[in-house]
Amino acid sequence: MCGITGYIGNEEASPILIQTLKKLEYRGYDSAGIAVMRNGKIFVRKMKGRINSLEETLLENPLNGQSGIGHTRWATHGEPSDANSHPHTDSGGNIAIVHNGIIENYVKLKQSLQSRGVVFQSDTDTEVIVHIINYFYRSGEGALLQAVMETLKLLNGSYALAVVCSDYPDRIIAVRKDSPLIAGCGAAGSFIASDVPALLEYTRDVYFLNNGEIAVLYEDHIELRGNDGEVILRETARIDWDAGSAEKNNFPHFMLKEIFEQPKAMENALLPRLKKSALNNPVVDFDEIKLDESWAAARRIVIAACGTAYNAAVIGKYAFEHFARIPVAVDLASEYRYRNPIFDKRDIFIVISQSGETADTLAAARLMKQNGARVIAVTNAPGSTLSREADVVVYTYAGPEIAVASTKAFTSQMMCVYLLALELGRFRGHIADEPYKKYITALSAIPAQARRILDKKEIIQRFAARQYNKTKMFFMGRQFDYPVSMESALKLKEISYTHSEAFAAGELKHGPIALIDDGTLVIAFATQKELFEKMISNIREVSSRGASSLVITCDRVDSFNTITDEIFTLPKTEDCFSPLLSVIPAQLFSYYCAVQRGNDPDKPRNLAKSVTVE
Ligand code: F6R
């Protein structure tokens with residue numbers, strides 16, 4: 001939902017703003033712009049389209065200056081257009097701002113400004129902010145910071161804002177509420193950005209701004225202030241992510257790179273939690289979570305999440321119920337927050353979010369906390385709002401995920417919930433020693449098995465080249481294969497724009513079979529051995545109605561040979577862990593379909609990586 005960036009220092013600002021914006025392009029990419037200050041004047045260049053187009057314009061016609069702000073947009077209010085692109089300026093062009101978020105009361109504010117004679121240049125909600133800052137700045141005591149703070153009092157909604165003013169060429173003012181923002185100081189100067197990858201090249205020491213906090217950036221230092229203007233003294237946090245993790249390296253797209261990073265991402269989630277017992281046996285042990293009486297007495301687990309993280313939550317339901325014999329309620333966070341859910345102090349509350357910034361998931365976590373719950377967050381983003389608000393944080397350690405479509409975050413989220421379920425199952429006395437050992441051995445083998453799947457990527461690539469033109473693609477499976485079907489259908493629709501759906505294979509006859517014809521592709525997951533025969537019948541049912549099909553399985557390949565067009569064989573694992581492997585060919589399939597269709601898999605239309613607004 002838009003990325004913002006800012007720089008003030010001893011180098012040319014434009015190339016730095018463009019570089020940092022490129023790292024934020026996953027947040028939105030329908031328009032881009034920068035404002036640069038030079039000799040007491042603000043110069044703006046902004047346009048509809050990708051950051052590359054802006055960069056080309058700047059190469060032809062540079063903007064020089066050593067401080068500035070930048071924006072990459074994902075339109076919410078006002079169509080993508082040059083005029084609606086950020087930065088926005090006041091009528092005199094003395095103040096410029098970039099904004100990520102939504103100003104909910106902008107209509108009223110706009111009317112009030114218009115009645116005072118302000119003429120608007122755009123249809124955005126953002127533009128009201130710059131006019132209000134200007135209003136307070138001109139009519140008040142003259143201090144820019146004061147004008148910004150007065151303006152914030154009038155705004156309802158969410159914002160990460162950066163403000164520059166031609167009267168204050170030595171500083172940039174930045175502030176956030178419910179939209180992410182970090183500030184960091186490096187050798188070249190001071191920076192702000194919506195997310196960590198944008199700054200890795202320039203600094204590793206950052207402030208994660210809290211809600212309401214203001215950062216005033218100077219060339220050589222950053223001043224943090226509270227929402228009343230009081231100075232805050234705080235140490236920076238050190239980011240130890242590898243800078244290469246936010247680069248494509250030799251992959252054509254971030255998505256493919258991240259699919260290939262999954263063995264490592266799963267290892268990162270697994271290894272810190274595998275310890276040795278007193279008898280030298282491997283045991284799961286989360287340093288973050290101490291299993292105590294409350295876990296023994298728990299009656300239910302409640303999990304809320306959105307999108308892919310929700311699909312990981314459904315896997316969590318199956319895993320907790322399987323291993324720990326505890327009922328699990330899974331909710332879409334957007335539903336949970338509005339449906340007056342029932343709270344019981346004995347329940348365990350978990351939210352899952354890659355970014356830790358998803359508005360609905362944050363709202364669900366806050367609702368849980370308001371009702372006295374202790375919230376456990378499973379997230380990939382250190383310093384994110386969720387990681388700071390949750391009572392317990394379980395990091396997935398997948399490293400930065402740049403592609404909009406989530407892949408390695410999903411497998412590492414699953415790894416974390418499996419481990420939690422195993423630990424809880426043992427703690428509650430539902431797993432005996434032998435099966436426990438067997439499960440740990442199976443989980444430990446998963447990263448290497450995932451590498452073997454990736455080595456066979458050409459099978460999927462060729463299959464996608466034959467099938468990508470199908471107008472309907474369905475995914476089906478039973479038990480643990482059902483949430484994998486859901487995730488696969490989501491992935492495919494996001495980046496290939498193909499109409500895809502998932503259904504529990506047992507539901508086929510209850511409706512979906514009516515959709516099957518010779519223009520349909522069905523991808524069937526058959527990894528649950530007890531349900532093989534059922535899946536064989538389901539595949540026959542779709543094949544006999546003309547559908548093409550791919551079976552993703554780990555066994556009994558002969559049984560599928562005659563009834564399907566293609567078989568992808570997975571390495572053998574415990575049935576319950578198959579999602580960690582079976583989703584990989586499905587991710588590859590979505591990726592190759594998107595590429596075949598000429599889409600950019602990293603930047604799918606209408607989507608942004610982090611949904612920080614409702
Ligand atoms: C799917 C995808 C989205 C996110 C969802 C939640 O590929 O990326 O569905 O999974 O927006 O995001 P997080 O996990 O950041 O809360």
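All ligand and atom numbering here is 1-based and tracks the order in the structure.
Residue Q413 places no N or O, backbone or side chain, under 3.5 Å from any N or O of ligand 1. In terms of N/O distances under 3.5 Å, ligand 1 is approached by V404. Below 3.5 Å of separation, one finds an N or O of S353 facing an N or O of ligand 1.
Protein heavy atom closest to atom 12 (O) of ligand 1, with residue, atom name and distance, is T358 OG1, 3.4 Å. Nearest protein heavy-atom neighbour of atom 4 (C) of ligand 1: T308 N, 4.0 Å. In this structure, the protein non-hydrogen atom closest to atom 2 (C) of ligand 1 is E494 OE2, 3.5 Å. Looking only at heavy atoms of the protein, atom 15 (O) of ligand 1 is closest to S355 OG, 2.6 Å. Taking atom 6 (C) of ligand 1 as the reference point, the nearest protein heavy-atom neighbour is C306 O, 3.3 Å. Protein heavy atom in closest approach to atom 11 (O) of ligand 1: V611 CG2, 4.0 Å.
Two rings, from Y468 and Y592, have their centers 6.0 Å or more apart. Taking the six-membered ring where the residue is Trp, the centroids of F349 and F343 are separated by under 6.0 Å.
Interatomic distance, F480 CZ to H322 NE2, rounded to the nearest 0.5 Å: 5.5 Å. Distance check, rounded to the nearest 0.5 Å: CG of L588 to CG of L256 gives 7.0 Å.
Residue contact check: Q354 has heavy atoms under 4.0 Å from atoms 13 (P), 14 (O), 15 (O), 16 (O) of ligand 1. Below 4.0 Å from some heavy atom of A405 lie the following atoms of ligand 1, by number and element: 7 (O). Under a 4.0 Å criterion applied to the non-hydrogen atoms of A309, ligand 1 contributes the atoms 10 (O), 14 (O). Residue K491 approaches ligand 1 through these ligand atoms, each under 4.0 Å from one of its heavy atoms: 1 (C), 7 (O).
When atom types are taken as modelled, the side chain of Y418 and the backbone of C576 share a donor-acceptor pair closer than 3.5 angstrom.
Partner S406 forms a side-chain hydrogen bond (donor to acceptor under 3.5 Å, both in side chains) with one of Q587, E487, E401, E258 and no other, that one being E401. Checked options E494, Q413, K491; the residue passing with T308 is K491 (criterion: side-chain hydrogen bond (donor to acceptor under 3.5 Å, both in side chains)).
Between the side chains of R176 and T385, at least one donor N or O lies within less than 3.5 Å of an accepting N or O.
Using a 4.5 Å heavy-atom threshold, the side chains of S582 and F577 count as separate.
With a heavy-atom cut-off of 4.0 Å, E357 does not touch ligand 1 at all.
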